[in-house]
Amino acid sequence: MSSRADAARVATPSMKLLPDKLTRMMFGLAVLIFLVTPLVLDDDFWMTVLANAGAFAVASIGLSILTGFTGQVSLGHAALLTIGGYTVGYFGADHGWPMWAWMLAAILIGALVGVAIGPFALRLKGNYLVVVTLALVFITGYVVENWTSVTGGFDGKSVNSASLAIGPVDFGELHIFGRDFSREQGIFYLCWIMVALTALVGRNIIRTRPGRAMRAVRDRDVAAEVIGVSNARYKIAAFAISSAMAGLGGALYAISLRFISPSNPAAELFLSIRFVAIIIVGGLGTIYGAVIGALLLGPLPELVQEFAGLFDFTIPIVDRPLVGDSPADNGIFSAASFSEILFGVLLVVFLIFAPEGIAGMIRRLRRRLAGRSNVDPDNVSDN
Amino acid sequence: MAERSLLSVSATTLEFGGVSALLDVDFEVESGELLAVIGPNGAGKTSLFNCLNGVYTPRHGSILFEGIELVGKRPARIANLGIARTFQNLALFANLDVIDNLMLGRHHLMKTGLAAGAIWVGRAKREEIANRLICKDIAEFLDLDQFGSTPVGLLPYGIQKRIELGRAMAMEPTLLLLDEPVAGMNLEERNTMTALIQQVRAERDMAILLVEHDVDFVMAIADRVLVLNFGRVIATGTPDVVTVHPEVVAAYLGAG
Amino acid sequence: MEKFFQLFVAAIALGGIYALIALGFVVVYKATGTFNFAQGGFVLLGAYLVYQFGDDWSLPFFVALILAMVVMAGVAAGIERVVIRPMINGPPFTIVLITLGVLLIIEQAVRTLWSEPAYVLTTPWGNGVTEVAGVSIRHVDMWTVGFATLVLGGFFAIFRFTTIGIAMRATAFDQEAAAAQGIKVGRSFSISWAIAGAVAVVAGAMLTSRTGSVLTPGLSFIALRAFPAMIIGGLDSPGGAVAGGVVIGVVEVMALGYLDFDWIGSGFEVVLAYVLMIIVLLWRPNGLFGTRAVQRV
């Protein structure tokens, strides 16, 4: 029997990259939209918003592997983005490393920090481990503020001069078929190419032995250990992967913002909670859910700020606008508060009413569309 | 004894806050035999399994498996040595399908790590397909191949019990621990399971240590029986010897 | 030596505040097994309520304090009822994530409701100072230690002697078994959250009225610094929360008082608490006074 025939005989949805025709079509459509968007939407604001969403998607895939597939909650995700950002600032901008090198550095340094969680993952369970990840936020903040030779301290640092070139392709100034692309368009392409690669790596890990082990640890830790899956090893692996992806996402985010500066631990914690909201709203237990979540929620603060005008209608009784463009407008909410509250509300509402997130809704929709089909897509095991 | 036993448990004591769950337990399991452990509720049967697995660490004593000391080893390490187990209250990975559950049994027999897995093409894919073929055979043997990609948590209890047996078989153990394999089953499911266990024994060279309440089931299937009461071994021997042992009779009547 | 005693007094007072914050976490954890990140938000909101009732509406301070405690007890119990209770039997980390969402909402709600950047809370103790043997002790510090002692004593009495306290302990240990014994699990949840809300008001008021402190939304950040206190003490031990609070208070104040910050850098005292927590956890995974979870297969 040929190996191709073997593969066909044993393939289940959990083993395939794109399990069915509809998924393949959707994926093709997504690629098409990706290619066309910068051509149609030739606007720096939108390009930056979407590039940021891409950077968030890379980091969210990481958190999804940690939380969705391994069952570990982390509040330190934002700290790892910060670390990734300073990595590109230091190696990419200050030392002029080529793009592949600073990307690799962001990934490796992220992974190393993730592995540092290891000894705790070995000994601690649940809530105690969550607070250790919170410690990461405080420690990173302290290091960033005080290691000024590398981070620039409170002044922050520009990452604008970091190379965006790989081989002959420079994402900073793309020319394709005689057409010039802006830096923002180039970064959009770069970020979303990295989303695709990260998703591919994530999916490959999930569908093979290490990913299966992580899901086993998530579902039943003691049983997993008894059949030979070392809990500690796969928790550490999940932290390492998740942190590496967060490091890469942070590097891309810094590139897109052109500048990185310290933020206080509370803001970092809130950013971490935003990532949790992203993966919950997108849907745990799928990679594409994290991408959808990042695309929808990642740009929320920028969008609320940009479109505060849409929410400035006056609320009758208090006679104030709902969202104020600026403090002078005396809005009930400032734009920043409004988007934070949206994150909080979406997180709570989804957890209570739609814990499977948008990915779960898509599954249910497909079941309805499939109609009389015997297979119940809602009952398809996670993959 | 000239030949070394597959498993030899000696003077093993397990305590919880000063209360002994197991007291000076001694016994041996020979290659290929089926030893049944019976005893009233709370006699320490599941605690014994947990010691063999490394879930609990005994206070005293020694557990040698193929000459290797198990006391102090982590459960995952013990599994790698060739001891598989099923659980009294099912311990499947509820969100995964049948094949993925069986594949987890083969975890220690596979090699794909993070790097190979992330790349997929090549070693990871080859290993994945080869092992899925084996799991598919096991699923067919246990009549589990009909459930496709349904998460096993949604399947009926009797089926889940069979999946657990399948996962243990996928581990290719030299010693299989079965914790109440027919508990909570109706007569038909029970007969199926009994036949399956006997078939597994016939086809594969493994010793089985099983805990069960159902005395009729035990007498029908076991080579030897070990009786625990209040954490002590009160009798060992062939089924017909043990059933008439005065202490055993007293323990069961007393408990009943 | 005088410097040491002076710092020691300050350390105990800061420890008292951390203990008060941590006690609110612990009561919910002990009674319901829920790790409530929103407690920092309760502390923040509680302090603003005291300001609202006392300074803005000109009620006497203790009336304002008690009113705020009643309101916060209601708010906390309400939050529990609406967003926590439905998820009790959900996946294990759902509730933790919900409390994070609630924290986010409370923090922003406070920013929205009280839009000035900072307020000053007027208290009976004000900036009063008493000299004892050459060491000046602030009145606010004495009150803080007094309140922390009172709350700890109250918890001890509730958990040890009252039926509702025993019911709460049973609920935390095993909800199903407790329900089977006729314990009203829901009531245990409501009461523990209400207590946490009320204690948060006291913590918030003391935190805000410390000399040099003002009321800003950044207070919830200070509440985050209480995490090491309760982790060091052990999540389910009220006495441990107080001990942990004092340990962190001492470490923080002594570090500020004695270490050379040119070399160590700013913010070190905050990190130190977390570093200390990490060391304690590596040594004792359940904190100093926490009970060890029994592993079940």
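Chain letters run A, B, ... following the sequence lines, proteins first and then strands; every chain starts at 1.
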Heavy-atom check, side chain of [X] versus side chain of [Y], under 4.5 Å:
| X | Y | answer |
| --- | --- | --- |
| Ile227(A) | Phe93(B) | yes |
| Arg212(A) | Thr112(B) | no |
| Arg209(A) | Asn131(B) | no |

**OP:** Check for a donor-acceptor pair, side chain of Asp219(A) on one end and backbone N or O of Asn95(B) on the other, with a separation under 3.5 Å.
**Re:**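 Yes, the answer is positive, given that a donor and an acceptor are paired below the 3.5 Å cut-off.
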
Subject >> Per-residue contact mode, Lys111(B) against chain A (heavy atom under 4.5 angstrom) >> reply: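 For Lys111(B), the contact with chain A is made by the backbone alone.
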
**OP:** Can you tell which part of Leu90(B) gets under 4.5 Å to a heavy atom of chain A, answering side chain, backbone, both or neither?
**Re:**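 The backbone, not the side chain.
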
What part of [X] is in contact with chain B, defined as an atom under 4.5 angstrom from a non-hydrogen atom: side chain, backbone, both or neither?
| X | value |
| --- | --- |
| Arg207(A) | both |
| Ala240(A) | neither |
| Leu17(A) | neither |

Original post:
Taking everything shown except Met361(A) itself, do over 12 heavy atoms lie less than 6.0 Å from its CE?
Top reply: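 More than 12 within 6.0 Å, yes.
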
Can you name the closest pair of heavy atoms from [X] and [Y] and give their distance?
| X | Y | answer |
| --- | --- | --- |
| Gly113(B) | Pro210(A) | O-CG, 3.7 Å |
| Glu128(B) | Thr208(A) | OE1-CA, 3.9 Å |
| Asn89(B) | Arg220(A) | O-NH2, 4.2 Å |

Original post:
If you look only at pairs with a residue in residues 60-74 of chain B, which of them pass as a side chain to side chain donor-acceptor pair (under 3.5 Å), with sequence neighbours excluded?
Top reply: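 Matches after skipping sequence neighbours: Ser62(B)-Glu69(B).
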
Original post:
With sequence neighbours excluded, what pairs up with Asp145(B) under the salt bridge (Lys or Arg N to Asp or Glu O under 4.0 Å) test?
Top reply: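 Per chain and number, Asp145(B) pairs via salt bridge (Lys or Arg N to Asp or Glu O under 4.0 Å) with no residue.
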
Subject >> Interatomic spacing from CE in Met15(A) to CD1 in Ile99(B) - rounded to 0.5 Å >> reply: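 Between atom CE of Met15(A) and atom CD1 of Ile99(B) there are 11.0 Å.
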
Subject >> Residues in residues 162-171 of chain B that sit under 4.5 Å from chain A, counting heavy atoms only >> reply: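 Against chain A, the residues of residues 162-171 of chain B that fall inside the cut-off (heavy atoms, under 4.5 Å) are Arg167(B), Met171(B).
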
Original post:
What pairs with Tyr234(A) under ring pair (Phe, Tyr, Trp, His ring centres under 6.0 Å), at least two apart in sequence or on another chain?
Top reply: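 Counting only residues at least two positions away or on another chain, Tyr234(A) forms a ring pair (Phe, Tyr, Trp, His ring centres under 6.0 Å) with His107(B).
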
Original post:
So which of Ile241(A), Asn231(A), Ile205(A) has the biggest tally of heavy-atom pairs under 4.5 Å with chain B?
Top reply: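 Highest number of heavy-atom pairs under 4.5 Å: Ile205(A).
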
**OP:** Among the options Leu114(B), Asn53(B), Ile119(B), pick out the one with the most heavy-atom pairs lying under 4.5 Å from chain A.
**Re:**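 Max contact count across the listed options: Leu114(B).
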
Original post:
In terms of heavy-atom pairs under 4.5 Å, which option from Ile78(B), Asn80(B), Leu92(B) contacts chain A the most?
Top reply: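 Ranked by contacts with chain A, first place is Leu92(B).
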
**OP:** Begin with the C-alpha distance, continue with both residues' side-chain angles, and end with the deciding distance and a verdict on side chain to side chain contact (heavy atoms under 4.5 Å, CB included) for Phe87(B) and Val226(A).
**Re:** CA-CA 10 Å; Phe87(B) 294 82; Val226(A) 167; 3.7 Å; yes

